[in-house]
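Letters A, B, ... are given to chains in the order of the sequence lines, protein chains preceding strands, and every chain is numbered from 1.
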There are 2 protein chains.
Amino acid sequence: MTVMPGRRERKKAATRRKIADAALGLFLERGYDAVGIRDVAAEADVAVTTLFSHFASKEALVFEQDQDFERRLVGAATERGPHEPLIPALRREIHALVRHCTTEEAAPIWRMVDQTPSLREYEESMRMRHADALARAIAADLGLTQTTTVCRAVARFVVEAFSLAREAADPPTAVEEVFTMIEAAWEAARPCAQG
Amino acid sequence: MTVMPGRRERKKAATRRKIADAALGLFLERGYDAVGIRDVAAEADVAVTTLFSHFASKEALVFEQDQDFERRLVGAATERGPHEPLIPALRREIHALVRHCTTEEAAPIWRMVDQTPSLREYEESMRMRHADALARAIAADLGLTQTTTVCRAVARFVVEAFSLAREAADPPTAVEEVFTMIEAAWEAARPCAQG
DNA sequence: TGCAAAACACTAACCGTTAGTGTTAGGTTC
DNA sequence: GAACCTAACACTAACGGTTAGTGTTTTGCA
């Protein structure tokens, strides 16, 4: 069974992007709450059920581009240089991620997220999922087969660093401040990190 | 304008409790997702609109008893002994809160929360609100008029401690582990906590 | 007793989401 | 190329949480 790199996959991806683009356009133009799922489907010239076969929820339409957040975070932990310590590697990645979402093009989206309770909730939930994945990566990095409380805690602190920095007046400085705390927390906990 | 301690307030509180009790009973009996709002309203012998005038959402029905979480957390920070440091006071309160929700009577509710995505999301959102309130309390304790990144960070770490401990196999030990980290983080950040 | 406000009830709907049921198009096999 | 299978898509109808609109009762107070 090969990977089917054919026209079908391209068409599917095109439909998905068409929906996401239509959604983002309408959301930014009229506001998230003022746009209904049926509006988005109509704008993308697609049935409502088709929309929901590509996106699990209305909120997911907004975070379509941020699917790689978790991948990048986990990658920063697992694929770092052989002698680079964990926390600085994560700090570097968080810096990059925060920079990325304060870009000219991404900023309006995040402004919308911050103003929409339902989107905030969704993003908080995503962060917890990302933290879980990061915790597993950190545990594996320590040679553990399961996560410990310390792994889970440091992972959560790291994703909170992203969240706090994103909302701060001076994001890079905020990343530095929070990572100073995380570094200290990690050093204090390393003795019992192994379980 | 006095505080209207009359019959009206008592009746309102009684209706509220009647609804919450009916909801909790049905949720624990049949499962959260298997019970509809209309079922709850019927069981409480109340109109659906009345239910929603007492509770903002279906999820809020479950967390009715935990309205004092934030109050207790903020209280631990603001009303502690004159010479007791901040972090130990918070640690003591988190211990108490975790103990409280692992009680025989509260445990089934939290089991239901953990198994229901919509309730998990709601609780995460509550935690963020509680963290904001705690951050303001901590800032005020430091003589600041606004919260800083460090205040917000330590507040989030504290509410995460609750969350992590609640899910841990050995909650009290988990509280200790996470607070060891928080203590170190706080010490490292104290120099720049003032802004 | 009369009045204003609050609590409550009822209907009907809105909106996100899903089930059920086809229909079409793409890829696979012979 | 014909037969066939699957995935993508469309359509209708509904479910369940939530709210608007409207009216009725209850309560506190003058």
- Message: In this structure, how many angstroms lie between the C1' atom of C:dA9 and the CG atom of B:Leu51, rounded?
- Response: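 B:Leu51 atom CG is separated from C:dA9 atom C1' by 13 Å.
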- Whole-Å distance separating the CG atom of B:Asp45 from the P atom of C:dC10: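 Whole-Å distance recorded here is 9 Å.
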Pairing residues for [X] by the side chain to side chain contact (heavy atoms under 4.5 Å, CB included) criterion, not counting sequence neighbours:
X	value
A:Leu119	A:Tyr32, A:Glu59, A:Val62, A:Phe63, A:Met112, A:Val113, A:Thr116
A:Thr145	none
B:Ser53	B:Thr50

Would you tell me if any nitrogen or oxygen in the side chain of [X] comes within less than 4.0 Å of OP1 or OP2 on [N]?
X	N	answer
A:Thr15	D:dC9	yes
B:His54	C:dC8	yes
A:Ser53	D:dA8	no
A:Thr49	D:dC9	no

- Task: Would you mind telling me which of D:dA10, D:dT27, C:dG26 lies closest to the side-chain atoms of A:Lys11?
- Result: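 Closest of the options to the side chain of A:Lys11: C:dG26.
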Side chains of residues 33-40 of chain B: which donor-acceptor pairs under 3.5 Å do they make with residues two or more places apart or in other chains?
{"unit_1": "B:Asp39", "atom_1": "OD2", "unit_2": "B:Gly36", "atom_2": "N", "d": "2.9"}

- Query: Restricting to pairs with a member in residues 130-144 of chain B, which pass salt bridge (charged side-chain N to carboxylate O under 4.0 Å, His left out), not counting sequence neighbours?
  - Reply: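 Sorted result for residues 130-144 of chain B: B:Arg80-B:Asp141.
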- Could you list the residues that satisfy ring-ring contact (aromatic ring centres under 6.0 Å, His included) with A:Phe179, not counting sequence neighbours?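 Scan of A:Phe179 (ring-ring contact (aromatic ring centres under 6.0 Å, His included), adjacent residues dropped) gives none.
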- Are any of the side-chain heavy atoms of A:Arg16 and A:Ile19 separated by less than 4.5 Å?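 Heavy-atom side-chain distance check fails, nothing below 4.5 Å.
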- Message: So A:Asp39, base contact, sugar-phosphate only, or nothing? Heavy-atom distance under 4.0 Å.
- Response: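 Contact class for A:Asp39: none.
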- Return the residues of residues 113-129 of chain B meeting this criterion: a heavy atom under 4.0 Å from some atom of DNA chain D. Order them by number, or give none.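 Output list: empty, so none.
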Would you tabulate the nitrogen or oxygen pairs shorter than 3.5 Å linking the protein to nucleotides 15-18 of chain D?
{"unit_1": "D:dG17", "atom_1": "OP1", "unit_2": "B:Lys58", "atom_2": "NZ", "d": "2.7"}
{"unit_1": "D:dG17", "atom_1": "OP2", "unit_2": "B:Ile37", "atom_2": "N", "d": "2.9"}
{"unit_1": "D:dG17", "atom_1": "N7", "unit_2": "B:Arg38", "atom_2": "NH1", "d": "3.1"}
{"unit_1": "D:dG17", "atom_1": "N7", "unit_2": "B:Arg38", "atom_2": "NH2", "d": "3.4"}
{"unit_1": "D:dG17", "atom_1": "O6", "unit_2": "B:Arg38", "atom_2": "NH2", "d": "3.4"}
{"unit_1": "D:dT18", "atom_1": "OP2", "unit_2": "B:Lys58", "atom_2": "N", "d": "2.8"}
{"unit_1": "D:dT18", "atom_1": "O4", "unit_2": "B:Arg38", "atom_2": "NH2", "d": "3.1"}

- Starting at CE of B:Met128, measure out to OG of B:Ser125 and round the result to the nearest 0.5 Å.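 Here the rounded value is 8.5 Å.
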- Tell me the side chain to side chain donor-acceptor pair (under 3.5 Å) pairs involving residues 166-176 of chain A, sequence neighbours left out?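 For residues 166-176 of chain A: A:His95-A:Glu176, A:Asp114-A:Arg166, A:Arg120-A:Glu167, A:Asp170-A:Thr173.
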